[in-house]
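Since the model is a prediction, treat every value here as computed from it, not as a measurement. Throughout, a chain's letter reflects where its sequence line sits, starting with A, and its residues are numbered from 1. Just so you know, these numbers use all the heavy atoms, side chains as well, and skip hydrogens, waters and symmetry mates.
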2 protein chains.
Amino acid sequence: MIVLAQTKNPNPEDFPSEINGLRMTRQRREVLATLLAERDHPTANDVFLRAQKRMPTISLATVYNCLEALVSHNLVKQVNFDRDSSRYCPNLSDHCHFQDESSGKIHDIGFKDGVNLTDLLDLPEGTQINHLEISLKGTFGKS
Amino acid sequence: MIVLAQTKNPNPEDFPSEINGLRMTRQRREVLATLLAERDHPTANDVFLRAQKRMPTISLATVYNCLEALVSHNLVKQVNFDRDSSRYCPNLSDHCHFQDESSGKIHDIGFKDGVNLTDLLDLPEGTQINHLEISLKGTFGKS
DNA sequence: ATCAGGAATTAGAATAATTCCAAATTTTCA
DNA sequence: TGAAAATTTGGAATTATTCTAATTCCTGAT
Ligand SMILES: [Mn+2]
Ligand SMILES: [Mn+2]
Ligand SMILES: [Zn+2]
Ligand SMILES: [Zn+2]
């Protein structure tokens, strides 16, 4: 998990054989490497097309299987905007997503430090948050 | 818009003939009244089944059309949790959604006063937010 | 009231992302 | 080395939503 986010274009073969309790098969490595290589929040089909270049025999069903395995073992985040196809993000730091409506591009947005969301929400005592997703759309500033 | 959120079970016929620039047809009134009557964030199909009781000829396509019209004229909010079917919410105040994983119920969550989300996010200068959705899942506290 | 044009509704077909299935392949490890 | 388990695969199935084209309804002149 640490080793992964480190380098920009990691070689799939360099991944350990198990991460977060998930056996890293050849296909799972390839899918993960694809996500780490270009962090533009691709859809499952985008991942399939990219992974196919290095592994021509991989199937779309397998890409879906791998993504689901990676997400459920917290190696990748699933990103949703309304009812569009899910997108996938290997950035494991706490962040949310902003889609620029003119370019369509999705940006990772971090939180200003010192604040945590639950301070803002009017949640009853004893509420436990297991999952949280914040999606924004609009016009992205410079940078 | 003001008149709507007021009463709990408004009579569809009492809605003005146009709200927020949207002509209120018989079906649109019925769909809106259905949402106002039971604020449990029903799916389009739920709305269809409920509306059918008072208007047996309404079609599912029309329910989808009406919901889309109401949402785009800001009379109703569309609520998404991951890839589940969209749900619909007539609460126009600023809030987000929490799904209790044991009951499946969705709760409206307001913000503590004095805070606005954009203070927390690391957004570049000049960013304009047009749409924002916050969805949480977990175990809801008492009440 | 009548009529024409536009808007909305409707039933059913089409779409498309995702999931399911059952067979083939690969991996594990006793 | 040889099951048994896990994974991959291609194709079929699912299903929420959108599309289409025909019908019905409204509206606002005349
Ligand atoms: Mn939304
Ligand atoms: Mn999510
Ligand atoms: Zn991200
Ligand atoms: Zn709500």
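In this structure, A:L70 atom CG and D:dT7 atom P are separated by 12 Å, rounded to whole Å. Whole-Å rounding puts the B:L60 CG to C:dG12 C1' distance at 11 Å. Regarding B:Q78, its CD atom lies at a distance of 10 Å from the C1' atom of D:dT17, rounded to whole Å. Across the protein-nucleic acid pair, A:D84 atom CG and D:dT17 atom C1' stand 13 Å apart, rounded to whole Å.
Residue contacts for B:N45: at a heavy-atom cut-off of 4.0 Å it reaches no nucleic acid atom on any strand shown. A:T25 comes within contact range of the sugar-phosphate backbone alone, with a heavy-atom separation under 4.0 Å but no base atom that close. Within the 4.0 angstrom heavy-atom criterion, only backbone atoms of the sugar-phosphate kind lie near B:S85; the bases stay farther away. Counting non-hydrogen atoms under 4.0 angstrom, A:T43 reaches nothing in the nucleic acid. Residue contacts shown for A:R26 are absent, as no nucleic acid heavy atom lies under 4.0 Å away.
With distances taken from any side-chain atom of A:Y64 to the nucleotides C:dT18, C:dA11, D:dA16, the minimum falls on C:dT18. Proximity note for B:R28 (side chain, C-beta onward) versus C:dA8, C:dT18, D:dG10: the nearest is C:dA8. Considering only the side chain of B:I58, C:dT10 comes nearest among D:dT8, C:dT18, C:dT10. In this structure, the nucleotide among D:dA16, C:dA8, D:dT9 sitting nearest to the side chain of B:R23 is C:dA8.
In this structure, B:S59 reaches the C:dT10 phosphate: one of its side-chain N or O atoms is under 4.0 Å from OP1 or OP2. At least one side-chain nitrogen or oxygen of A:Q27 sits closer than 4.0 Å to the OP1 or OP2 atom of D:dT9. Dashed line: the shortest gap from a side-chain N or O of B:R83 to OP1 or OP2 of D:dA16 is not under 4.0 Å.
Map A:R87 and B:T57 each onto its nearest nucleotide of DNA chain C; the residue landing nearer the 5' end is B:T57. Residues A:E68 and B:V63 each lie close to DNA chain C; by heavy-atom proximity, the contact nearer the 5' end of the strand is made by B:V63.
Classified by interplanar angle (parallel below 30°, tilted 30° to 60°, perpendicular above 60°), the ring pair A:H41/A:H95 is tilted.
Here B:E30 pairs with B:R54 in a salt bridge; the nearest charged N to carboxylate O distance falls below 4.0 Å. Checked for salt-bridge contact, A:K142 and B:E125 miss the test: no charged N lies under 4.0 Å from a carboxylate O.
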Next item on the list: Please step through salt bridge (charged side-chain N to carboxylate O under 4.0 Å, His left out) for the pair B:K137 and B:D82, ending with a clear verdict.
Entry: CA-CA 10 Å; B:K137 279 188 196 183; B:D82 295 322; 3.0 Å; yes

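The two atoms that bring B:L132 and A:I134 nearest to each other are CD1-CG2, 4.3 Å, heavy atoms only.
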